[in-house]
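Let me begin by presenting the structure, written as C-alpha cells, before commenting on it.
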Amino acid sequence: GGPQRQVNLVNYYQSKATIPLLISMDAEWGLSMRLDSTMSFPRQMTLGAVEDDKLIYEFGKEMAHQLRRLGVTMSFSPVLDINSNQWNPVISTRSFGSDKKEVTKRSIQYMKGLQDGGVIACAKHFPGHGDTDDDSHKALPTLFRSIATMDSVELYPYKQLIPQGLMGVMVGHISVPVYDASGNPASQSYTLSTTLLKNQLGFKGLVITDDLNMKAANGNFSSTESAVKSLIAGNDILLNPESIPASIAGIKAAIQKGRLSWTEIDAKVKKI
C-alpha cells in the first residue's frame, strides 16, 4: 500500500500496545522498496559510485527522517555483502560494490546517517551473501570459503562497523561449511550466530534472523522448528515466522524440554 495506510496501521497497533512496539522495515533504498507514492533513492551499487562519502551520510539521515515520519524505528540496511560473484542472483545492485574497503566506508556512513536520525541500522546478510550462486528466498545457498578468506573479505565490514556502534545484525539463511559442517543455515547455527558474531566479533546489539518464510530457512525443518532453532542459535528477534501462535507454542515446548531456558528468553527481551 501507501504511506497513509501504513501510518494508520502503525498508529493503531501502537495504541493497542502497553509497551511501545519496535517497528521495522526492509527499506534498503527508502520507503519505495515497500510502499507506493514515496521517494525512491538510488540502490547501493549506484551510491557505490558516489565520490563524496558525506552524501551517503546525508542519504541515510534523510531516509531515517522519512522512516520516523511513518513510525518506523529499525531499517534492515545497509547491505554489507561484497558483490564478488557475477552470477549472484539476489545481491547484485543491492551491494555497494566488489571492493571490501569501499563497501565498508560507505556502509559506515549509511549506518551513521540512519542511527543519528533515530533509526536502528540492521546490517545484512551475516556472515556474507555476496559470493553465492543461489537465492536464499528459493534455496539454501552455500558459501564455500576458507576461514582466512571469510575473515579477510566477508567479515571485514562487520569488524569495522561493530566497534562504531552498529545496533543490529541480520543473520542470513546461508550455509558456511568451514564454520558449521551440519548444513544448517547461519541463522540456525550457534557457531555462526553466537560463537562467531557475538563472542569473536564482540557484537552486543540485536541479532535478527532473515525472513523465516524463505525457502532456505525451512529446507530441513518445519517453520516452527526453524523458529526454535534460530532462538537457540542466538537470535533475539524472529523475522516473519509463518505462524506466530505455532512459534510461541513451539518455543514454550522447547523450554519445557530444556532446549531453551526462560533466562535466555528474558535476556533477549531485555535487550530489545
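Numbering starts at 1 and runs along the sequence shown.
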field: ILVMFWY clustering at 4.5 Å (side-chain atoms), partners of Ile244
entry: Ile248
Say you draw a straight line from [atom1] of [X] to [atom2] of [Y]; how long is it, rounded to the nearest 0.5 Å?
{"X": "His125", "Y": "Asp210", "atom1": "NE2", "atom2": "CG", "answer": "5.0 Å"}
{"X": "Gln44", "Y": "Leu80", "atom1": "CD", "atom2": "CG", "answer": "8.0 Å"}
{"X": "Asn83", "Y": "Met45", "atom1": "CG", "atom2": "CE", "answer": "4.5 Å"}
{"X": "Gln6", "Y": "Thr38", "atom1": "CD", "atom2": "OG1", "answer": "10.5 Å"}
{"X": "Phe126", "Y": "Tyr158", "atom1": "CZ", "atom2": "OH", "answer": "7.0 Å"}
{"X": "Ile120", "Y": "Ser75", "atom1": "CD1", "atom2": "OG", "answer": "10.5 Å"}

Check for a donor-acceptor pair, side chain of [X] on one end and backbone N or O of [Y] on the other, with a separation under 3.5 Å.
{"X": "Ser189", "Y": "Ala186", "answer": "no"}
{"X": "Glu242", "Y": "Asn213", "answer": "no"}
{"X": "Thr46", "Y": "Pro42", "answer": "no"}
{"X": "Gln115", "Y": "Met167", "answer": "yes"}
{"X": "Lys268", "Y": "Leu206", "answer": "no"}
{"X": "Gln14", "Y": "Pro20", "answer": "no"}
{"X": "Ser77", "Y": "Val79", "answer": "no"}
{"X": "Arg43", "Y": "Trp29", "answer": "no"}

Give a yes or no on whether [X] and [Y] share a hydrophobic cluster (residues Ile, Leu, Val, Met, Phe, Trp, Tyr; joining criterion: side-chain heavy atoms under 4.5 Å apart).
{"X": "Met111", "Y": "Leu201", "result": "yes"}
{"X": "Leu231", "Y": "Ile272", "result": "no"}
{"X": "Met74", "Y": "Tyr13", "result": "no"}
{"X": "Leu22", "Y": "Leu31", "result": "no"}
{"X": "Val228", "Y": "Tyr190", "result": "no"}

Are any of the side-chain heavy atoms of [X] and [Y] separated by less than 4.5 Å?
{"X": "Ile232", "Y": "Leu260", "result": "yes"}
{"X": "Leu55", "Y": "Gln109", "result": "no"}
{"X": "Leu70", "Y": "Leu35", "result": "yes"}
{"X": "Gln66", "Y": "Phe41", "result": "yes"}
{"X": "Leu114", "Y": "Leu67", "result": "yes"}
{"X": "Ile251", "Y": "Ile265", "result": "yes"}

Do you know which two heavy atoms are closest between [X] and [Y], and how far apart they sit?
{"X": "Leu140", "Y": "Pro185", "answer": "CD1-CB, 3.8 Å"}
{"X": "Arg145", "Y": "Thr149", "answer": "NH1-CG2, 3.3 Å"}
{"X": "Val7", "Y": "Arg69", "answer": "CG2-O, 4.1 Å"}
{"X": "Val176", "Y": "Pro127", "answer": "CG2-CG, 3.7 Å"}
{"X": "Cys122", "Y": "Ile208", "answer": "SG-CD1, 3.5 Å"}
{"X": "Ser107", "Y": "Val103", "answer": "OG-O, 2.7 Å"}

task: Run the numbers on Met150 and Tyr179 for side chain to side chain contact (heavy atoms under 4.5 Å, CB included), then give the verdict.
output: CA-CA 10 Å; Met150 288 295 300; Tyr179 287 109; 3.6 Å; yes
Residues 234-241 side chain polar contacts: donor-acceptor under 3.5 Å, at least two apart:
from	atom 1	to	atom 2	distance (Å)
Asn235	OD1	Thr209	N	3.4
Asn235	ND2	Ser187	O	2.8
Asn235	ND2	Ser230	O	3.0
Asp236	OD2	Val207	N	2.9
Asp236	OD2	Lys271	NZ	2.8
Asn240	ND2	Asp211	OD1	3.2
Asn240	ND2	Asp211	OD2	3.2

message: Taking the cut-offs as 6.0 angstrom to the six-membered ring centre and 45 degrees off its axis, would you call Lys100 and Tyr156 a cation-pi pair?
response: yes
- prompt: Can you name the residues that form a salt bridge (Lys or Arg N to Asp or Glu O under 4.0 Å) with Lys124, not counting sequence neighbours?
  reply: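 For Lys124 the salt bridge (Lys or Arg N to Asp or Glu O under 4.0 Å) partners, ignoring immediate neighbours, are Asp26, Glu28.
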query: Are more than 12 heavy atoms from other residues, nucleotides or ligands located less than 6.0 Å from atom NZ of Lys159?
result: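 Above 12, so yes.
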message: Check this for me: does any side-chain nitrogen of one of Glu225 and Arg259 sit under 4.0 Å from a carboxylate oxygen of the other?
response: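 Yes, Glu225 and Arg259 are salt-bridged.
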message: Taking the basic N atoms (NZ, or NE/NH1/NH2) and the acidic carboxylate oxygens, is any pair closer than 4.0 Å for Lys54 and Glu58?
response: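 Result for this pair is no, no salt bridge flagged.
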- prompt: Hey, mind stepping through Leu197 and Val171 against side chain to side chain contact (heavy atoms under 4.5 Å, CB included) and telling me if it holds?
  reply: CA-CA 9 Å; Leu197 178 59; Val171 183; 4.2 Å; yes
- request: Would you please test Thr142 and Ile174 for side chain to side chain contact (heavy atoms under 4.5 Å, CB included) and show each step?
  value: CA-CA 6 Å; Thr142 301; Ile174 307 157; over 6 Å; no
query: For Asp116 and Tyr57, what are the C-alpha separation, side-chain angles and deciding distance, and is it a side chain to side chain donor-acceptor pair (under 3.5 Å)?
result: CA-CA 9 Å; Asp116 286 354; Tyr57 173 84; 2.7 Å; yes
- prompt: Do Lys105 and Tyr110 pass the side chain to side chain contact (heavy atoms under 4.5 Å, CB included) test, and can you show the C-alpha distance, the side-chain angles, and the key distance before you say yes or no?
  reply: CA-CA 9 Å; Lys105 186 168 67 170; Tyr110 188 161; over 6 Å; no
message: side chain to side chain donor-acceptor pair (under 3.5 Å) for Gln160 and Gln164? Distances and angles first, verdict last.
response: CA-CA 7 Å; Gln160 308 306 312; Gln164 297 207 43; 5.9 Å; no
